[in-house]
Amino acid sequence: MTLIKSISGIRGTIGGKVGDNLTPVDAVKFASAYGTFLKNNIQKDRLKVVIGRDARISGPMIHNLVVNTLIGLGIDVIDLGLSTTPTVEVAVPLEQADGGIILTASHNPKQWNALKLLNAKGEFLSGADGAKILEIAEAEAFDFSDVDSLGEITANDAYMDIHIDEVLELPLVDAEAVAKRKFKVVVDGVNSSGGIIIPKLLEQMGVECVKLYCEPNGHFPHNPEPLKEHLGDICKLVVEEKADFGIVVDPDVDRLAFISNDGEMFGEEYTLVACADYVLSKTPGNTVSNMSSSRALRDITEKHNGSYQASAVGEVNVVELMKASNAIIGGEGNGGIIYPELHYGRDSLVGVALFLTHLASLDMTVAELRASYPQYYMSKNKIELTPQIDVDAILVAMTDKYKNENISTIDGVKIDFPTEWVHLRKSNTEPIIRIYTEAPTQAEADTLALRIIEEIKAVAGI
């Protein structure tokens, strides 16, 4: 089963059987359910939805199916075409639309695609709203419009530029200061829409941009998840070009990783740490990240006299806790920056602009900046799931085994040891169990991960 219905949207592989994968029939079914949900909950004569997609190969096909399904429901569509997740999120309120759909499977490989669903604020739907849409889809309770009431399509390809303008107008973004430093940066756009929008942003900030894999043809040159093992080419090119640093984004541009000037990973966990360090130095306050994110954000927040809280994994959960705690900045340790001054969504453009402004104010290299932060090391592992594996039983067994430690079961199981932690949870986006560990050294993080993996395999009998 590669059709996953979760808090992160409707996601699956292209092709195969209806109900098992993201087939054309499934794309129409879930677009119909989303449109019906909006019509059931918003009392208006005419609804409007913003749609954009990343550059993956299946994008045009899924895009046409989804757009025309909404038209069939009598909903008007603002079609952004090739776009990014944060761009669509910014566009929804600017267009005074009733919702939005981004067609992207984010960091998943090319055979995947997905419908990410937004509300009228341009934010991801709540779990409760997502559950209602799944119910509508299951019941196929759709009522399409007659020929005189079909929706209309309005194409608008200006939103990537509008998004850049919105970022540059933020009070804490200083393009002039950045331009004076004459930075040189390498960008890996993984042959998706990040290859267009990130270089455009850099050029407008006076940064020299060296492009790598910036052709938006959907042929990902490496696994699109921005992890160290996938990024050998840019690490090498940063050194060869004597660049100040490198920028890597995922296909829909909501995850951001930096490469230091020495060709080493800045660490995707430290993207948020660095941006938060800068933002909190100017506007002190609270922060939020998820349970699988580094303790380093907590340390930086407390350095600036703020308080830190951890949410369940998933952007919706992070945003909910950010609102409740009035957080100034937050996000996820996978390189997702959420800066409410612009919008409540992970946004690589905001991250790049804040990081550049931060760097412009410092007299140090990116490697030196990384070394100045609290040093933690993570090990991120996973176990592939088969239908025979009972994840819930595994989590219960692990909770019982470590019942004398500091345990949270808000999202899977997180076990906090005095100097290290482990978080076990079923993924929202892939058929896997994620096993994340963090410790003061890489060896300790890896050793803890291996121990936990062996214990899980013993419980599961695999």
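It should be emphasised that the depicted structure is a prediction, and the values quoted were computed from it without experimental measurement.
Environment of NZ in Lys414: crowded, with over 12 heavy atoms of neighbouring residues, nucleotides or ligands closer than 6.0 Å. Crowding of Lys426 atom NZ: a count of heavy atoms from other residues, nucleotides or ligands under 6.0 Å not exceeding 12.
Ion pairing of Asp244 with Arg181 is absent here, as no side-chain N (NZ or NE/NH1/NH2) approaches a carboxylate O to less than 4.0 Å. Between Asp277 and Lys303 there is a salt bridge, with a side-chain nitrogen of the basic residue lying less than 4.0 Å from a carboxylate oxygen of the acidic one. In this structure, Asp446 does not pair ionically with Arg451, as no charged nitrogen and carboxylate oxygen lie closer than 4.0 Å. Salt bridge present: Lys184 and Glu241 bring a charged side-chain N and a carboxylate O closer than 4.0 Å. The pair Asp411-Arg425 counts as a salt bridge, with a side-chain nitrogen and a carboxylate oxygen less than 4.0 angstrom apart. Taking 4.0 Å as the cut-off between side-chain N and carboxylate O, Asp416 and Arg295 count as a salt-bridged pair. Salt bridge status for Glu225 with Arg255: present, with a side-chain N to carboxylate O gap under 4.0 Å.
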May I have the step-by-step check of side chain to side chain donor-acceptor pair (under 3.5 Å) for Ser311 and Asn317, ending in yes or no?
CA-CA 6 Å; Ser311 76; Asn317 299 317; 5.9 Å; no
Can you list the steps and then say if Asp254 with Lys116 is a salt bridge (charged side-chain N to carboxylate O under 4.0 Å, His left out)?
CA-CA 12 Å; Asp254 64 357; Lys116 287 185 172 182; 3.3 Å; yes
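Using cut-offs of 30° and 60° on the angle between ring planes, the pair His222 and His230 is parallel.
For the residue pair Ser361 and Tyr278, no side-chain donor N or O sits within less than 3.5 Å of a side-chain acceptor on the partner.
Residues Leu117 and Ile133 form a side-chain contact, since some pair of their non-hydrogen atoms from C-beta on lies under 4.5 Å apart.
With hydrogens and angles disregarded, no donor-acceptor distance shorter than 3.5 Å links the side chain of Asp252 to the backbone of Thr85.
Note that the OH atom of Tyr377 and the CD atom of Glu269 stand 13.5 Å from one another [nearest 0.5 Å].
The cationic group of Arg370 lies under 6.0 Å from the six-membered ring centre of Tyr270 and within 45° of the ring axis, placing it in a cation-pi geometry. Taking the ring axis of Tyr344 as reference, the NZ or CZ atom of Lys323 stays within 45° of it and closer than 6.0 Å to the ring centre.
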